[in-house]
Amino acid sequence: MHSSIFTNLLMHPKLLDAVEDIMETENIILHHTKAHLKPPEKGAPFPMHQDYHYFPYEKDSMLAIFVHLDDTTPENGGLAVYPGSHKLGPLEDKCDKPGFHYVDQDKFSIEQAVPVHAKKGDVVIFSYLLVHGSYVNQ
């Protein structure tokens, strides 16, 4: 998909209204768009992390918005989260690989995370401080 399609989708008035309600402001800026593609048997997992470390933002006021283009489950590489972990604030970056940022995988293992079962078209919105990751696409 072309990035302008994502931009149009994410700026849809109904979605924008929901984000304005969550953020309690009409001053919303689209930071970036990204497609997570996970081909069968090749789609790698993504370790538990906070998006904060990738782009620290003033007042920690950034949200992640997942628009599901397919049904997702743990078996096909879906999202996993630690509900309420955003209240912990920025956590220590435990990754030593340049350009990657992960939280403590022993403390926040994907096995203990809550899987997000989503249907095609579902939208999941969360703080960039929420600890989240994804499973391998089996």
Side-chain angles (χ1 to χ4, degrees):
M1 279 193 174
H2 191 270
S3 65
S4 66
I5 293 171
F6 287 122
T7 301
N8 290 337
L9 178 63
L10 293 172
M11 299 310 287
H12 188 281
K14 288 184 180 181
L15 182 55
L16 189 55
D17 286 347
V19 172
E20 289 170 350
D21 287 347
I22 292 167
M23 299 298 293
E24 298 180 338
T25 182
E26 292 182 1
N27 187 13
I28 306 295
I29 298 170
L30 176 61
H31 185 271
H32 69 279
T33 61
K34 180 178 184 180
H36 293 281
L37 303 175
K38 287 193 160 198
E41 300 177 10
K42 296 178 186 174
F46 200 93
M48 302 307 286
H49 65 284
Q50 293 176 309
D51 292 338
Y52 164 84
H53 295 286
Y54 290 99
F55 10 77
Y57 204 75
E58 183 179 330
K59 299 180 186 175
D60 297 324
S61 59
M62 184 177 281
L63 296 175
I65 301 172
F66 279 35
V67 178
H68 290 84
L69 303 178
D70 290 307
D71 295 353
T72 62
T73 65
E75 293 74 30
N76 71 357
L79 181 67
V81 301
Y82 272 86
S85 60
H86 64 288
K87 296 176 184 174
L88 301 172
L91 299 172
E92 182 180 356
D93 184 3
K94 292 285 191 169
C95 186
D96 58 3
K97 291 171 43 179
F100 292 90
H101 303 282
Y102 309 140
V103 296
D104 185 333
Q105 301 299 293
D106 293 326
K107 186 174 180 182
F108 295 99
S109 70
I110 196 158
E111 293 80 18
Q112 297 300 312
V114 175
V116 175
H117 294 264
K119 296 288 185 191
K120 180 179 179 177
D122 284 352
V123 176
V124 177
I125 301 173
F126 56 89
S127 166
Y128 82 149
L129 291 172
L130 185 76
V131 175
H132 64 286
S134 64
Y135 302 95
V136 65
N137 185 355
Q138 299 176 16

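The chain is numbered in sequence order, starting from 1. Values below: every heavy atom of this structure, side chains too, minus hydrogens, waters and symmetry copies.
Connection of I22 to I28 is established within a shared hydrophobic cluster, with ILVMFWY side chains joined at heavy-atom distances below 4.5 Å, either directly or through further cluster members. At a threshold of 4.5 Å between side-chain heavy atoms, the hydrophobic network of Ile, Leu, Val, Met, Phe, Trp and Tyr places M62 and F46 in one connected group. Note on F66: it does not cluster hydrophobically with L63, by side-chain heavy-atom contacts below 4.5 Å among ILVMFWY residues. In terms of hydrophobic clustering, with Ile, Leu, Val, Met, Phe, Trp and Tyr side chains grouped at heavy-atom distances under 4.5 Å, L130 and M23 are assigned to different clusters.
Residues meeting the side-chain contact (heavy atoms from CB on, under 4.5 Å) test with V114, sequence neighbours left out: V81, P83. The side-chain contact (heavy atoms from CB on, under 4.5 Å) test applied to Q105 returns P47, M48, Y102, V103, not counting sequence neighbours. Among residues two or more places apart in sequence or in another chain, the side chain to side chain donor-acceptor pair (under 3.5 Å) test is passed with Y82 by none.
Using a distance-only test at 3.5 Å, with no hydrogens or angles considered, a donor-acceptor pair links the side chain of K38 to the main chain of G77. A distance-only check finds no donor-acceptor pair linking the side chain of K120 to the backbone of H68 [under 3.5 Å]. The backbone N or O of G89 sits nowhere less than 3.5 Å from a side-chain atom of D60 that would complete a donor-acceptor pair. In terms of modelled atom types and a separation under 3.5 Å, the side chain of S127 and the main chain of H86 share no donor-acceptor contact.
The distance from atom OG of S61 to atom CG of L129, rounded to the nearest 0.5 Å, is 10.0 Å. From L79, atom CG reaches atom OG1 of T73 across 12.0 Å, with rounding to the nearest 0.5 Å. Considering CG of D21 and CD1 of I125, their distance stands at 10.0 Å, rounded to 0.5 Å. The distance from atom NZ of K119 to atom CG of D70, rounded to the nearest 0.5 Å, is 11.5 Å. Atom CD1 of I65 is separated from atom CG of L15 by 5.0 Å, given to the nearest 0.5 angstrom. We find the CG-CG distance between L91 and D104 to be 9.5 Å, quoted to the nearest 0.5 Å.
Taking every heavy atom of both residues into account, Y135 and A113 meet most closely at OH-O, 4.2 Å.
Counting only heavy atoms from C-beta outward, the side chains of L88 and F108 approach each other to under 4.5 Å. For the pair H117/P74, a side-chain contact is recorded, criterion being any heavy-atom separation below 4.5 Å from C-beta on.
Within the structure, side-chain hydrogen bond (donor to acceptor under 3.5 Å, both in side chains) pairs that include any residue of residues 40-54 comprise H49-D51, H49-H132, D51-H132 (at least two apart or interchain). Residue pairs meeting the salt bridge (Lys or Arg N to Asp or Glu O under 4.0 Å) criterion with at least one partner in residues 72-95, sequence neighbours excluded, are E92-K94.
Grouping Ile, Leu, Val, Met, Phe, Trp and Tyr residues whose side-chain heavy atoms lie under 4.5 Å apart, directly or via other members, leaves L37 alone, with no other cluster members.
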